[in-house]
Amino acid sequence: QVQLVESGGGLVQAGGSLRLSCTASGRTFSSLAMGWFRQAPGKERECAAGLSSRGGSTYYADSVKGRFTISIDNAKNTVYLQMTNLKPEDTAVYYCAARSWFDWFDSTYNYWGQGNPVTLSS
């Protein structure tokens with residue numbers, strides 16, 4: 001069983017930066033693919049960024065490309081989402097999720113973090 005614990009969300013001004021963390025227990029990230037999903041109020045959950053198992057490839061939604069960076073620290077078994085130049089439309093609850101290989105669709109993921117709200121103030 002894999003448990004994912006997130007941290008790092010909060011309130012930030014537009015144009016600012018924030019880093020989300022997702023720490024796994026029960027299994028190492030090197031054997032898992034990761035996705036950072038987000039769900040804005042009134043919208044469906046979408047994948048913002050992803051990382052293949054063993055960290056070989058990264059994936060970004062067009063809306064965050066060039067602003068968000070997903071990375072992994074294997075020693076800490078933690079995946080990060082560094083978010084820069086944040087925009088009001090980035091306001092959402094952010095979730096990390098894990099499965100055996102990367103997929104853009106949230107319904108295929110086996111393990112989920114608790115969710116972490118990110119709120120942009122203009």
Side-chain angles (χ1 to χ4, degrees):
Q1 188 72 9
V2 177
Q3 293 182 327
L4 304 177
V5 177
E6 301 175 37
S7 61
L11 180 67
V12 61
Q13 285 190 328
S17 299
L18 206 60
R19 188 178 77 164
L20 303 180
S21 301
C22 176
T23 300
S25 60
R27 194 167 164 185
T28 59
F29 271 135
S30 62
S31 65
L32 294 169
M34 294 299 301
W36 277 104
F37 289 81
R38 64 184 185 178
Q39 188 165 22
K43 294 188 177 181
E44 293 187 352
R45 189 159 54 188
E46 63 172 1
C47 183
L51 187 70
S52 64
S53 60
R54 309 185 191 284
S57 300
T58 56
Y59 308 90
Y60 298 99
D62 288 342
S63 58
V64 308
K65 206 170 288 183
R67 300 188 299 120
F68 288 14
T69 303
I70 187 170
S71 62
I72 187 170
D73 185 333
N74 287 309
K76 296 182 178 179
N77 215 30
T78 297
V79 171
Y80 302 98
L81 185 67
Q82 179 69 50
M83 305 183 291
T84 62
N85 191 21
L86 284 160
K87 303 176 180 180
E89 53 264 38
D90 294 319
T91 294
V93 178
Y94 284 72
Y95 301 86
C96 63
R99 59 167 298 184
S100 297
W101 61 89
F102 176 74
D103 195 300
W104 286 102
F105 299 101
D106 60 350
S107 60
T108 65
Y109 282 75
N110 308 103
Y111 309 107
W112 288 87
Q114 78 275 17
N116 219 340
V118 172
T119 304
L120 272 291
S121 62
S122 56

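Along the sequence shown, residues carry numbers from 1.
- At a threshold of 4.5 Å between non-hydrogen side-chain atoms, the residues Tyr95 and Leu20 do not count as touching.
- Under a hydrophobic clustering in which Ile, Leu, Val, Met, Phe, Trp and Tyr are joined whenever their side-chain heavy atoms come within less than 4.5 Å, directly or via other members, Trp112 and Leu51 fall into different clusters.
- Side-chain contact between Val12 and Thr119: absent, with no pair of heavy atoms (C-beta onward) separated by less than 4.5 Å.
- For Trp36 against Ile70, the heavy-atom pair with the smallest separation is CD1-CD1, 3.5 Å.
- Distance CZ/Phe68 to OG/Ser63: 7.5 Å, rounded to 0.5 Å.
- If you take CZ on Arg45 and CZ on Phe105, they are separated by 13.5 Å, rounding to the nearest 0.5 Å.
- Looking at residues two or more places apart in sequence or on another chain, you find no ring pair (Phe, Tyr, Trp, His ring centres under 6.0 Å) involving Tyr60.
- You'll find the side chain of Asn74 reaches within 4.5 Å of the side chain of Ile72, heavy atoms only.
- The shortest non-hydrogen separation linking Val118 to Gly9 is CG2-CA, 4.2 Å.
- Among all heavy-atom pairs drawn from Leu11 and Ser121, the shortest one is CD1-CB, 4.1 Å.
- A donor-acceptor pair is defined here as one N or O able to donate and one able to accept, closer than 3.5 Å; such a pair exists between the side chain of Gln114 and the backbone of Glu6.
- Side chain of Asn116 to main chain of Tyr94: no donor-acceptor pair is present (N/O by atom type, distance under 3.5 Å, no hydrogens or angles).
- Rounded to the nearest 0.5 angstrom, Thr23 OG1 and Leu4 CG are separated by 9.0 Å.
- Applying the disulfide (SG to SG under 2.5 Å) test to pairs two or more places apart or on separate chains, none has a residue in residues 36-81.
- Taking the six-membered ring for Trp and thresholds of 30 and 60 degrees, Tyr59 and Phe102 have nearly parallel ring planes, at less than 30 degrees apart.
- Residues satisfying the salt bridge (Lys or Arg N to Asp or Glu O under 4.0 Å) criterion with Asp73, sequence neighbours excluded, are absent altogether.
- Grouping the Ile, Leu, Val, Met, Phe, Trp and Tyr side chains by contacts below 4.5 angstrom, directly or via other members, places Phe37 with Val93.
- The list of disulfide (SG to SG under 2.5 Å) pairs with a residue in residues 74-122, not counting sequence neighbours, reads Cys22-Cys96.
- Closest heavy-atom contact between Ser31 and Ser53: C-CB, 4.2 Å.
- With a 6.0 Å radius and a threshold of 12 heavy atoms from other residues, nucleotides or ligands, Lys65 has its NZ atom above the threshold.
- Screening residues 79-92 for side-chain hydrogen bond (donor to acceptor under 3.5 Å, both in side chains) gives Arg38-Asp90, Arg67-Asp90 as the qualifying pairs, with residues at least two apart or on separate chains.
- The cluster map of Ile, Leu, Val, Met, Phe, Trp and Tyr, joined by side-chain heavy atoms under 4.5 Å apart, puts Val2 and Val5 in different clusters.
- The salt bridge (Lys or Arg N to Asp or Glu O under 4.0 Å) search around Arg19 returns none, not counting sequence neighbours.
- Atom CG of Leu32 is separated from atom OG of Ser100 by 6.5 Å, given to the nearest 0.5 angstrom.
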